[in-house]
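Per chain, numbering begins at 1; letters A, B, ... match sequence-line order.
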2 protein chains.
Amino acid sequence: MPKHSGLTSKGAPFRVARQSRIFQDVVDQIQEAILSGEFQRGDMLPSEREMREIFHVSRGTLREALRVLEQKGLIEIRLGVNGGAMVTAAIAETMTESLGLMLRFRKISLDHLQEFREDIEGIVTAKAADRAAEADVAVLRSLLAEAEAHVAGGISEWRAFLNVDKKFHQAVARITGNPIYIFIHNMVHDNIQPYYDTFLPPDQERLQQNFRDLKEILAAVESGDADQAGDLARKHIWRFNEYMTKRRQEPQG
Amino acid sequence: MPKHSGLTSKGAPFRVARQSRIFQDVVDQIQEAILSGEFQRGDMLPSEREMREIFHVSRGTLREALRVLEQKGLIEIRLGVNGGAMVTAAIAETMTESLGLMLRFRKISLDHLQEFREDIEGIVTAKAADRAAEADVAVLRSLLAEAEAHVAGGISEWRAFLNVDKKFHQAVARITGNPIYIFIHNMVHDNIQPYYDTFLPPDQERLQQNFRDLKEILAAVESGDADQAGDLARKHIWRFNEYMTKRRQEPQG
DNA sequence: CTGTTAAAATGGTTGGATCATTATACGTCG
DNA sequence: CGACGTATAATGATCCAACCATTTTAACAG
């Protein structure tokens with residue numbers, strides 16, 4: 001059971017009524033202050049010794065509250081003079097970490113994640129094809145040119161190419177205009193990437209294949225053909241997944 | 001920046017090298033013990049006073065570590081004798097909470113979430129139509145019958161109907177065989193539900209419409225028509241979103 | 001002006017004491 | 001004997017006061 005969801009879910013009119021847990025009250029108050037905009041991203045919370053007096057709690061209790069807020073991705077704590085708790089908004093990062101935990105916990109497998117990634121990439125790309133303005137397409141063209149340069153450089157620029165590839169897909173996600181797709185896309189990508197790094201050795205043929213994929217995807221987006229753009233994106237991811245899966249099972253043989 | 005992702009992402013071979021933070025070391029050790037299976041779900045960690053001696057840290061430091069693990073969804077702490085830190089695996093719940101934070105933080109809007117939900121529901125249902133075995137269909141049929149009974153009961157059973165509706169969609173997600181879809185589906189649902197409760201008053205006509213939707217979706221799944229199943233599911237969600245959006249803007253005038 | 005050093009602010013850690021909660025064992029009374 | 005209250009002990013929650021470690025800033029020496 002989550003300690004408290006954003007709104008009282010389930011229609012149940014009662015809360016768990018757990019008194020105790022003073023630090024939770026501190027967490028709630030600070031969280032509200034942040035969410036209400038009273039503290040903006042980048043603002044510093046008062047020092048621990050000040051807040052200790054404000055809330056009338058011991059420093060230990062206050063620090064437990066700060067640990068929770070830090071883990072939620074709402075604040076970041078730095079050391080030294082002028083240090084302290086700074087408001088951040090790294091919620092997406094904590095979700096990425098949670099997905100990583102699920103993977104390591106075997107609640108989901110890499111295969112599952114790969115399947116999901118195909119779908120997300122397909123949907124996102126299809127939507128992008130529907131909604132892309134000329135300026136958006138220009139961004140993609142620019143990234144494609146960058147990628148082409150790295151292809152010319154051969155496998156020595158493999159990593160640089162992958163970096164541009166990531167930027168390309170991020171740019172596509174951004175075109176949808178819906179930040180959830182950007183979040184989900186990054187979350188999945190960041191958790192799959194380490195496996196690519198481990199099991200996908202640099203390879204000239206795959207470098208070129210990848211580039212051709214991007215080129216075709218861009219063409220489909222340009223022409224506004226959502227269905228084809230989606231299909232191409234799915235196949236693009238699928239190819240990589242397929243190859244990685246093979247490589248992943250070879251070594252263990 | 002996330003304190004540490006599941007694997008060293010980005011290919012950067014270095015860590016941030018922050019010494020300090022003894023509690024982080026404790027967090028890492030306990031987390032590893034849990035992820036490695038040394039502690040299974042339901043197991044109890046030693047008491048604070050025991051762990052204080054094991055790790056050679058003060059109780060305050062240890063408690064900060066436990067707070068972090070609790071917030072991560074890895075443990076749950078209960079009070080009283082026989083209380084203590086119990087290993088749980090409520091990672092999905094923390095992600096649901098994080099999505100709620102994003103909503104409240106205005107990093108994403110309800111409209112964005114609704115769009116995403118249409119896509120997820122469409123994909124999931126299409127996949128279910130592809131993969132449903134006879135036993136799976138039987139479960140859906142049973143749920144549909146349950147729903148029908150509540151429809152007959154009229155709007156007084158509105159909430160009961162919604163409950164079955166949720167179960168139906170969850171069952172569909174389960175048919176995909178991919179736990180990510182279940183997670184994502186629940187995460188989105190649980191964050192949207194409160195808005196439905198607030199802005200969608202019970203209504204006989206909508207109750208029947210909803211039931212008809214489920215019936216059609218089941219039929220599509222039964223016949224294995226993935227495309228139609230996906231379309232129906234999308235439209236099903238879309239209709240509700242559309243209506244809610246209208247109602248949501250009326251009161252504000 | 002530059003490099004070094006001292007001071008101060010701030011988070012991090014410690015130890016010990018006490019309070020609050022709760023399962024369990026015990027005992028009392030019907 | 002059984003139901004109900006009560007004492008007990010284990011465990012987390014909180015507090016307090018001191019001290020350590022890190023880092024910025026200012027003062028200072030050359």
Side-chain angles (χ1 to χ4, degrees), chain A residues 1 3-4 15-31 34 39 42-88 90, chain B residues 1 3-4 15-31 34 39 42-88 90:
Chain A
M1 53 198 104
K3 264 121 301 175
H4 58 292
R15 293 192 320 140
V16 276
R18 87 183 304 175
Q19 187 44 238
S20 196
R21 309 271 253 181
I22 293 181
F23 77 86
Q24 185 65 57
D25 187 35
V26 176
V27 167
D28 291 342
Q29 286 195 51
I30 297 179
Q31 175 170 306
I34 293 175
F39 287 89
D43 287 355
M44 300 293 289
L45 263 46
S47 75
E48 288 184 1
R49 285 154 178 95
E50 283 179 70
M51 283 197 277
R52 187 187 68 76
E53 303 218 330
I54 295 173
F55 292 108
H56 284 78
V57 297
S58 78
R59 237 186 113 196
T61 300
L62 175 68
R63 283 175 58 80
E64 288 188 33
L66 293 178
R67 278 291 92 73
V68 172
L69 291 165
E70 183 183 50
Q71 184 57 36
K72 281 192 179 189
L74 290 175
I75 64 174
E76 188 179 314
I77 299 174
R78 283 181 320 201
L79 228 60
V81 71
N82 278 13
M86 188 182 64
V87 175
T88 150
Chain B
M1 53 198 105
K3 264 120 305 175
H4 58 293
R15 295 192 320 138
V16 276
R18 83 183 311 175
Q19 189 43 239
S20 199
R21 307 272 251 181
I22 292 181
F23 76 85
Q24 183 65 57
D25 187 36
V26 177
V27 167
D28 291 340
Q29 285 195 51
I30 297 179
Q31 175 169 306
I34 293 176
F39 287 89
D43 288 353
M44 300 292 289
L45 263 47
S47 76
E48 289 185 1
R49 288 160 177 91
E50 285 178 69
M51 284 197 277
R52 187 188 69 75
E53 303 217 331
I54 294 174
F55 291 110
H56 284 80
V57 297
S58 77
R59 248 187 105 194
T61 301
L62 175 67
R63 283 176 59 81
E64 288 187 33
L66 293 178
R67 279 288 96 69
V68 171
L69 290 166
E70 184 183 50
Q71 184 57 38
K72 280 192 180 189
L74 290 175
I75 65 174
E76 189 178 315
I77 299 174
R78 283 182 321 201
L79 228 60
V81 69
N82 280 12
M86 188 182 63
V87 175
T88 152

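- The distance between atom CG of A/Leu62 and atom C1' of D/dC16, rounded to the nearest whole Å, is 14 Å.
- Nearest to the side-chain atoms of B/Thr61 among the listed nucleotides C/dA8, D/dA13, C/dT14 stands C/dT14.
- Summarising the geometry, the separation between CD on B/Glu64 and C1' on D/dG12 is reported as 16 Å, rounded to the nearest angstrom.
- The shortest distance between the side-chain N/O atoms of A/Arg63 and the OP1/OP2 oxygens of C/dG11 is not below 4.0 Å.
- Rounded to whole Å, the distance from CG on B/Leu66 to P on D/dT11 is 14 Å.
- Backbone-only contact: A/Gly84 has heavy atoms under 4.0 Å from sugar-phosphate atoms and none from a base.
- Separation of atoms CG (B/Leu66) and CD1 (B/Ile77) is listed at 5.0 Å; rounding is to 0.5 Å.
- Residues B/Val26 and B/Leu69 have side chains not in contact (no heavy-atom distance under 4.5 Å, counting atoms from C-beta outward).
- One finds a side-chain N or O of B/Asn82 lying less than 4.0 angstrom from the OP1 or OP2 phosphate oxygen of C/dT24.
- Across all non-hydrogen atoms, the minimal contact from A/Thr61 to A/Ile22 is CG2-CG2, 4.1 Å.
- In this structure, CZ of B/Arg21 is placed 17 Å from P of C/dT10, rounded to the nearest angstrom.
- Heavy atoms only, all atoms of each residue included: A/Gln71 and B/Val68 are closest at OE1-CG1, 3.4 Å.
- Whole-Å rounding puts the A/Arg52 CZ to D/dA18 P distance at 12 Å.
- Taking a 4.0 Å limit (strictly below) on heavy-atom distances, residues 42-51 of chain A reaches DNA chain D at A/Arg49.
- Spacing between atom CD of A/Glu76 and atom C1' of C/dG11 amounts to 14 Å, rounded to whole angstrom units.
- Looking at A/Phe55 and A/Ile30, their side chains come closer than 4.5 Å, going by heavy atoms from C-beta outward.
- Regarding A/Asp25, its CG atom lies at a distance of 17 Å from the P atom of C/dA20, rounded to whole Å.
- For D/dA13, its base sits under 3.5 Å from the side chain of B/Arg59 at one donor and acceptor pair at least.
- The nucleotide whose nearest atom lies closest to any side-chain atom of A/Ser58 is, among C/dT22, D/dC15, C/dT14, D/dC15.
- Within 4.0 Å (heavy atoms only), B/Arg67 reaches sugar-phosphate atoms of the nucleic acid but no base atom.
- The structure places CZ of B/Arg67 at 14.5 Å from CD of A/Glu70, a figure rounded to the nearest 0.5 Å.
- One atom, CZ of B/Arg78, and another, C1' of D/dT11, lie 12 Å apart when rounded to the nearest Å.
- Of the candidate nucleotides C/dA23, D/dT14, C/dT14, C/dT14 has the atom lying nearest to any side-chain atom of B/Ile22.
- Two residues are said to be in side-chain contact when any heavy atoms from C-beta on lie closer than 4.5 Å; A/Leu45 and A/Phe39 meet this criterion.
- Comparing D/dT23, D/dA13, C/dT14 by their nearest atom to the side chain of A/Leu79 picks out D/dT23.
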